[in-house]
Amino acid sequence: MEDFKVKDTNLASQGRLKIEWAEAHMPVLREIRRIFEKEKPLENCVVGACLHVTKETAVLMRTLKAGGATIALCASNPLSTQDDVAAALAEEGIHVFAWRGENTDEYYENIEKVISYEPDITLDDGADLTVILHKKWERIAEKVIGGCEETTTGVIRIRALARDGILKYPVIAVNDAETKWDFDNVYGTGQSTIDGILRATNILLAGKKFVVAGYGHCGKGLAMRARGMGAHVIVTEVDPIKALKAVMDGYEVMPMKEAAKVGDIFVTVTGNKSVIRKEHMLLMKDGAILANAGHFNVEIDLKDLEEISVRKRRINPYVDEYTLKNGKRLYLLTEGRLVNLAAAEGHPSEVMDMSFSNQALSVRYLVEHGKEMKPDVYKVPLEIDRMVAELKLKCLGIEIDKLTPEQEEYLRSWEEGTI
Ligand code: ADE
């Protein structure tokens, strides 16, 4: 069996330095690693992972390996792999099949390479690994003890698999842990998306009209950070409750057809497809910038963009200029793929510390309990969520109050009311 496939093994030393940097900013995961090293909860366990191959993911891989796992890893996006990190992981004995710029065939071949290791546990980000396993490798899927899913889009897909009666093993929705989505999705996406846009374009955000499509956790974080940089933020939504939240958070809310006429920068974070279409693109101002921070590259309709364009030029590795038949130019970042991972380095290590601590502890939970769990989508156990928060606070040197016995009793009782 092929051991690994990366772009260039000579990049390993640079990758090791990057991982060291991430590790220094991920104290909770370091603590879990110390526990795993001692207790070896993952002995004889094969973990098959489809994640963004970043320095933060590398720290998670080291943690699982310290727990005794054998690991096969591929990328969850063709443009997000950090090649130096992949090289370093290969050198450390992780079976990595990932490089930046994989084409679609290579992307799926690498997923199948991971499946060929016949994983006991799957780790997914977007559910491509889980779906391919269920579609093509039923025999292997049947032996999987359990899986974890990292992102909103993936959880939605796996819930659909469960609803259709296809899901073969229990999956923990790591995304839905409070110590994941209230931090990673909000502060992680917020900061890293701005980072990606700036690394790609170096534009000034102050005074720009910045359109955020989608006001879920990620959209909320992005709108907040764009406003912090002095942009005038406009939100588009389809959900009345989320739209109302955006209004009360102080943003202008309007349909995309209106936003298209005034926006300077458009970022999709919806989890849906064709959010920006031909009818919107044709209304946009000359020079408008389009980027996506949702999981898949379907939020900006690329077919539409090609169709209405007469010329395409690569301005820099992250920016493509499209000249439309109407003479206007639109600038698409990172081919419509996750701009925060393709043009920048993804979420900062400090926030991935919490997300990946949930992953590591959920893997241990599945190894211990997965065989008794029915195929379905599960929440991260509350004790894991709380443990991650407690450890993070401890690492930050922050103490909090405790309930007094009287307060505990008060919260349990119904008798005391108005006094
Ligand atoms: N998803 C978003 N940011 C990430 C990162 N830095 N590493 C892995 N997955 C991510």
Side-chain angles (χ1 to χ4, degrees), residues 15 17-26 28-29 47 49-64 71 73-86 88-89 94 96 98-100 107 122-129 148-155 173-177 179-197 199 216-222 225 267-269 271 291-297 334 337-360 362-363:
L17 287 173
K18 270 197 188 166
I19 301 170
E20 201 180 301
W21 177 268
E23 221 156 45
H25 296 85
M26 300 177 86
V28 180
L29 207 48
V47 174
C50 177
L51 299 169
H52 300 295
V53 181
T54 65
K55 59 192 187 303
E56 290 77 22
T57 297
V59 182
L60 173 62
M61 296 299 109
R62 283 181 173 180
T63 306
L64 300 177
I71 301 165
L73 169 68
C74 63
S76 58
N77 184 297
L79 286 186
S80 64
T81 297
Q82 296 166 3
D83 287 316
D84 45 6
V85 168
L89 284 175
I94 310 282
V96 195
W99 54 94
R100 183 171 289 241
Y107 175 79
T122 60
L123 298 190
D124 219 343
D125 186 333
D128 280 341
L129 170 63
C148 293
E149 172 51 55
E150 168 77 7
T151 201
T152 315
T153 296
V155 170
V174 169
N175 178 69
D176 299 356
T179 48
K180 199 278 184 184
W181 79 1
D182 274 349
F183 301 90
D184 169 314
N185 302 29
V186 180
Y187 306 107
T189 306
Q191 179 168 317
S192 62
T193 301
I194 298 286
D195 187 13
I197 293 168
R199 289 198 208 190
H217 281 74
C218 296
K220 179 178 152 188
L222 176 58
R225 291 299 178 246
V267 187
T268 50
V269 246
N292 168 52
H295 187 77
F296 287 120
N297 59 335
T334 58
R337 297 196 190 275
L338 280 166
V339 69
N340 59 336
L341 280 138
E345 293 171 67
H347 301 353
S349 310
E350 290 90 333
V351 88
M352 294 312 293
D353 190 24
M354 292 192 279
S355 310
F356 283 166
S357 293
N358 276 294
Q359 288 277 12
S362 295
V363 169

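Atoms within each ligand, like the ligands themselves, are counted from 1 in listed order.
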What part of K55 sits under 4.0 Å from ligand 1 if we count only heavy atoms: the side chain, the backbone, both or neither?
neither

Between H347 and ligand 1, find which residue part has any heavy-atom pair under 4.0 Å and reply side chain, backbone, both or neither.
both

For the residue pair N292 and V339, establish whether any side-chain heavy-atom pair is separated by less than 4.5 Å.
no

Check: P348 and H25 side chains under 4.5 Å, non-hydrogen atoms
no

Taking only non-hydrogen atoms of E345, do any sit less than 4.0 angstrom from ligand 1?
yes

How many angstroms lie between NE2 in H347 and CG in L341, if you round to the nearest 0.5 Å?
7.0 Å

Numbering as shown, the atoms of ligand 1 that approach G346 to under 4.0 Å (heavy-atom distance):
3 (N), 6 (N)

Distance-only N or O hit between ligand 1 and D125, under 3.5 Å
no

Close N or O approach (H52, ligand 1; < 3.5 Å):
no

Identify which of T189, T57, T54, L51 has a heavy atom lying nearest to atom 5 (C) of ligand 1.
T54

Could you walk me through whether S355 and M352 satisfy the side chain to side chain contact (heavy atoms under 4.5 Å, CB included) test, starting with their C-alpha distance in whole Å, then the side-chain angles of each, then the deciding distance to 0.1 Å, before giving a yes or no?
CA-CA 5 Å; S355 310; M352 294 312 293; 4.2 Å; yes

Salt-bridge criterion met for D176 and K180 (N-O under 4.0 Å)
no

Atom 10 (C) of ligand 1 has as its nearest protein heavy atom M352 CE, 3.6 Å

Walk me through it: do T153 and F296 pass the test side chain to side chain contact (heavy atoms under 4.5 Å, CB included)?
CA-CA 8 Å; T153 296; F296 287 120; 3.5 Å; yes

